[in-house]
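Beneath this line is the structure, given in structure tokens, with notes to follow.
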Amino acid sequence: MADASPPPCGQAAGARDARSAGRAGALEAFDEVFCGLLPRLYRRAVMLAGTRQSAEDVVHEAYLKLAARPQRLLAHPEPYAYAFTAVLSVARDAHRRERRQVLVEEVAEVARPDGPGLGAGLDQWDGGVARRHAELEAVRLLGRLSHRQAGIVILVDLDGYTLDQAAKIMKVHRGTAARHRARALDRLRAYLVESEHGWAGR
């Protein structure tokens with residue numbers, strides 16, 4: 001019976017080089033896929049984190065988390081959904097660590113769609129004011145929800161996934177996802193009614 005002995009140094013080094021080359025190739029493919037998802041992930045991260053700076057931190061941390069096992073993202077049938085759950089997890093953990101309420105600056109009166117100054121003297125594009133107002137309003141609304149509720153609303157109502165798909169992505173039962181979404185929409189409707197009454201009383 002032949003003695004079991006370790007492979008020669010050259011063979012071991014060759015195996016390590018092959019593994020390193022394989023990982024480098026996987027990371028290169030991972031970077032390509034992740035970069036393709038970046039614009040969408042940043043938009044969703046802003047809605048979850050509240051500010052662009054916080055969103056950048058969240059996406060960066062999610063990148064590092066996913067890059068530790070690049071093959072999981074590459075092998076997943078829904079790369080965006082997989083990356084989104086990482087972004088949601090990082091945003092939730094950051095919120096729990098910091099225990100602070102992210103405040104969104106109030107939009108100036110001119111930014112209101114029916115504000116007196118919005119269209120004054122502007123016959124063409126408004127410079128993105130209305131769009132920025134809509135983004136801030138979305139951030140403000142989603143900021144009133146739990147991260148799980150916000151995640152379900154983003155997946156179903158913004159990204160177009162079905163409730164079944166969203167439940168699978170969030171790794172919860174369909175009934176749980178449906179309850180989260182129903183409660184989230186109830187809270188959003190109540191806030192919108194409250195906001196409308198607030199503006200009407202001014």
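Not measured: the values here are computed from a predicted model.
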Please check if atom NE2 in His173 has more than 12 non-hydrogen atoms from other residues, nucleotides or ligands closer than 6.0 Å.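 At most 12 heavy atoms, drawn from other residues, nucleotides or ligands, come within 6.0 Å of this atom.
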
State whether the side chain of Glu56 and the backbone N or O of Gln53 hold a donor-acceptor pair below 3.5 Å, judged by distance alone.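 No, because the side chain of Glu56 does not come within donor-acceptor range (under 3.5 Å) of the backbone of Gln53.
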
Should [X] and [Y] count as side-chain neighbours, where that means a heavy-atom distance under 4.5 Å?
{"X": "Val153", "Y": "Leu142", "value": "yes"}
{"X": "Arg40", "Y": "Asp159", "value": "yes"}
{"X": "Arg148", "Y": "Leu88", "value": "no"}
{"X": "Ile169", "Y": "Tyr82", "value": "no"}
{"X": "Val58", "Y": "Leu48", "value": "no"}
{"X": "Arg144", "Y": "Leu188", "value": "no"}
{"X": "Met47", "Y": "Leu158", "value": "yes"}

Distance (rounded to the nearest 0.5 Å) between [X] [atom1] and [Y] [atom2]:
{"X": "Phe30", "Y": "Leu74", "atom1": "CZ", "atom2": "CG", "result": "7.5 Å"}
{"X": "Gln71", "Y": "His76", "atom1": "CD", "atom2": "NE2", "result": "14.0 Å"}
{"X": "Arg43", "Y": "Ile154", "atom1": "CZ", "atom2": "CD1", "result": "11.5 Å"}
{"X": "Lys168", "Y": "Arg174", "atom1": "NZ", "atom2": "CZ", "result": "14.5 Å"}
{"X": "Leu37", "Y": "Tyr80", "atom1": "CG", "atom2": "OH", "result": "9.0 Å"}
{"X": "Met170", "Y": "Thr85", "atom1": "CE", "atom2": "OG1", "result": "8.5 Å"}

Over all atoms of both residues, closest heavy-atom pair of [X] and [Y]:
{"X": "Ala167", "Y": "Ala177", "value": "CB-CB, 3.8 Å"}
{"X": "Ala49", "Y": "Ala55", "value": "CB-N, 3.8 Å"}
{"X": "Ala166", "Y": "Tyr161", "value": "N-CB, 4.4 Å"}
{"X": "Pro79", "Y": "Leu73", "value": "O-CD1, 3.4 Å"}

Apply the side chain to side chain contact (heavy atoms under 4.5 Å, CB included) test between Glu61 and each candidate in Val87, Asp93, Val90, Leu66; give the one that qualifies.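 Only one of Val87, Asp93, Val90, Leu66 forms a side chain to side chain contact (heavy atoms under 4.5 Å, CB included) with Glu61, namely Val90.
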
Check Arg183 with Asp186, please: is the shortest side-chain N to carboxylate O separation under 4.0 Å?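 No.
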
Test the Arg44-Phe84 pair against the cation-pi criterion, namely NZ or CZ under 6.0 angstrom from the six-membered ring centroid and within 45° of the ring axis.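 No; the conditions do not both hold, so Arg44 does not lie above the ring face of Phe84.
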
Where do Leu155 and Gln165 land on the side-chain contact (heavy atoms from CB on, under 4.5 Å) test, with the steps shown first? CA-CA 9 Å; Leu155 288 172; Gln165 291 171 326; over 6 Å; no

Decide side-chain contact (heavy atoms from CB on, under 4.5 Å) for Leu38 and Val59; before the verdict, give the C-alpha distance in whole Å, the side-chain angles of both, and the deciding distance to 0.1 Å. CA-CA 8 Å; Leu38 266 181; Val59 172; 3.6 Å; yes

